[in-house]
Amino acid sequence: MTPPPGWYRDPSAPHQERWWDGTAWTEHRRTPEATGYGPVAGHAQAPRPEQQAPRPHAPPPQDLPPQGPHPPGYQAHQAWSGRPDAVPPAGGGRAKAVALTAAAAVLVAAVVAGVVALGGDDGGSAGAQAPPATAGTTDPAPVSDPPSSSPGTPAPSADAPAVVEDQLNGVTFPLPDGWERPRHVAEDDVMMTTDGTYKCPADGSVCRHGLVVSRTVTAKAESAPEALAREDIEDAADDAYDRDLIGNKPFGGIESHEEVASGPVAVAGRAGYYVRWRVRTAEGPGGYVQSMVFPSTVGTESPILVRYVFDAGEDGPPMSDMDTITKGIRPVGDADTGGGVGSGIGPTD
């Protein structure tokens, strides 16, 4: 079957197309168009032969393929594919090579046209597009900026003392070195304890060298700090060194006690009173117990009772910690109001 009139790859110049008039090649040639991207950059679209002055012997293109001789180089055993870009082979192995070369040329032209079209979308030429930079093995990894702290919440100073808050009574306590917040403590209202534990000398249970308790005084007819402190000191000594919560005697019981200090004390800006005993036990070195009472700075100003329990001996906490804690008690939210006895209150044994 003779191919119908149309544009075909020129067997003598595969990079061009040539008009086949149905019977013979004409002298009309053009540059192939890039499929999908419009005309190749730098070339105007070639007109069809009917838009040019026709050769005298070239009849107009027909819709149906006429019968006649094949175009030069067309092999008789090949059937026309019917595609506008079908290339009539030039014959033999050379025809195959020419066809492959032409296909490669079309592919390169399409890629170039695509790059030109995409580069034009960005407002620049394809040649001006720089390849994306890739980080080398020696380039530092990108680091995001650390989050900045929000205004009004300055970072706490490294020198700021640690405190423990008694929310019920509206006061805070300083946490001296060697003390910690309570952990695994059976007693109620404990604010802090000394670091670590040891085996109680009498029954082998768990004891601590020091603790501080804060609670509200309720159901008492008396409200004067001195009377309340003196009323509480014996109970404080018994709870600390005589019998524990389940009735055991971790120190073998109290053998004697003596008052070693008492008097007015300013606590959190309020006038209070304290009483301190030296307690001796059947087992171990005994210790010091202090009851201190002062009016609360919140609510109904119910009295606040603070108990101090310090073991005596070289393993006990320094007695100066009692005064340090007392002076450091503050109303919640007020770091300036303090107190103290005004002179050293640490007793000597």
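This structure is a prediction, so every number in the text was calculated from the model and none was measured.
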Testing the basics here: between [X] and [Y], what is the closest heavy-atom pair and its distance to 0.1 Å?
X	Y	answer
Met319	Phe310	SD-CD2, 4.1 Å
Pro285	Ala312	CG-O, 3.5 Å
Pro295	Arg270	O-CG, 3.6 Å
Pro250	Ser205	CB-OG, 4.0 Å
Pro3	Trp20	O-NE1, 3.2 Å
Ala236	Ser291	CB-OG, 3.7 Å

Are any side-chain N or O atoms of Asp244 and backbone N or O atoms of Asn248, one a donor and one an acceptor, separated by less than 3.5 Å?
yes

The salt bridge (Lys or Arg N to Asp or Glu O under 4.0 Å) partners of Arg208 (sequence neighbours excluded) come to none

So do [Y] and [X] actually touch side chain to side chain, heavy atoms under 4.5 Å?
X	Y	answer
Pro303	Phe294	no
Ile304	Val217	no
Thr326	Tyr308	yes
Glu259	Arg276	no
Pro182	Met191	no
Met292	Leu305	no
Thr193	Glu180	yes
Thr172	Ile329	no

Assess, by modelled atom type and distance only, whether the side chains of [X] and [Y] contain a donor and an acceptor separated by less than 3.5 Å.
X	Y	answer
Trp179	Asp321	yes
Asp166	Ser214	yes
Thr26	Asp21	no

Residue pair Asn169, Thr216: steps toward the side chain to side chain donor-acceptor pair (under 3.5 Å) verdict
CA-CA 7 Å; Asn169 292 308; Thr216 305; 2.4 Å; yes

Is Glu187 atom CD crowded by more than 12 heavy atoms from other residues, nucleotides or ligands, each under 6.0 Å away?
yes

How about CG on Asp203, more than 12 heavy atoms from neighbouring residues, nucleotides or ligands closer than 6.0 Å, or not?
yes

Identify whether the distance between the nearest side-chain nitrogen and carboxylate oxygen of [X] and [Y] falls below 4.0 Å.
X	Y	value
Glu17	Arg9	yes
Arg215	Asp188	no
Arg307	Asp239	yes
Arg181	Glu165	no
Glu258	Arg280	yes
Glu27	Arg18	yes

Ring centroid separation Trp19 to Trp25 under 6.0 Å
no

First locate atom [atom1] of [X], then atom [atom2] of [Y], and finally report the distance between them rounded to the nearest 0.5 Å.
X	Y	atom1	atom2	result
Asp242	Thr281	CG	OG1	10.0 Å
Leu228	Glu226	CG	CD	10.0 Å
Arg278	Gln290	CZ	CD	14.5 Å

Would you kindly confirm whether Tyr274 and Val293 end up in one hydrophobic cluster when ILVMFWY residues are joined by side chain heavy atoms under 4.5 Å apart?
no

So which residues get pulled into Tyr273's cluster when ILVMFWY side chains under 4.5 Å apart are joined, directly or through others?
Val185, Val190, Tyr198, Leu211, Val213, Ile233, Tyr241, Phe251, Ile254, Val275, Trp277, Val279, Val289, Val309

Residues in side chain to side chain contact (heavy atoms under 4.5 Å, CB included) with Ala271, at least two apart?
none

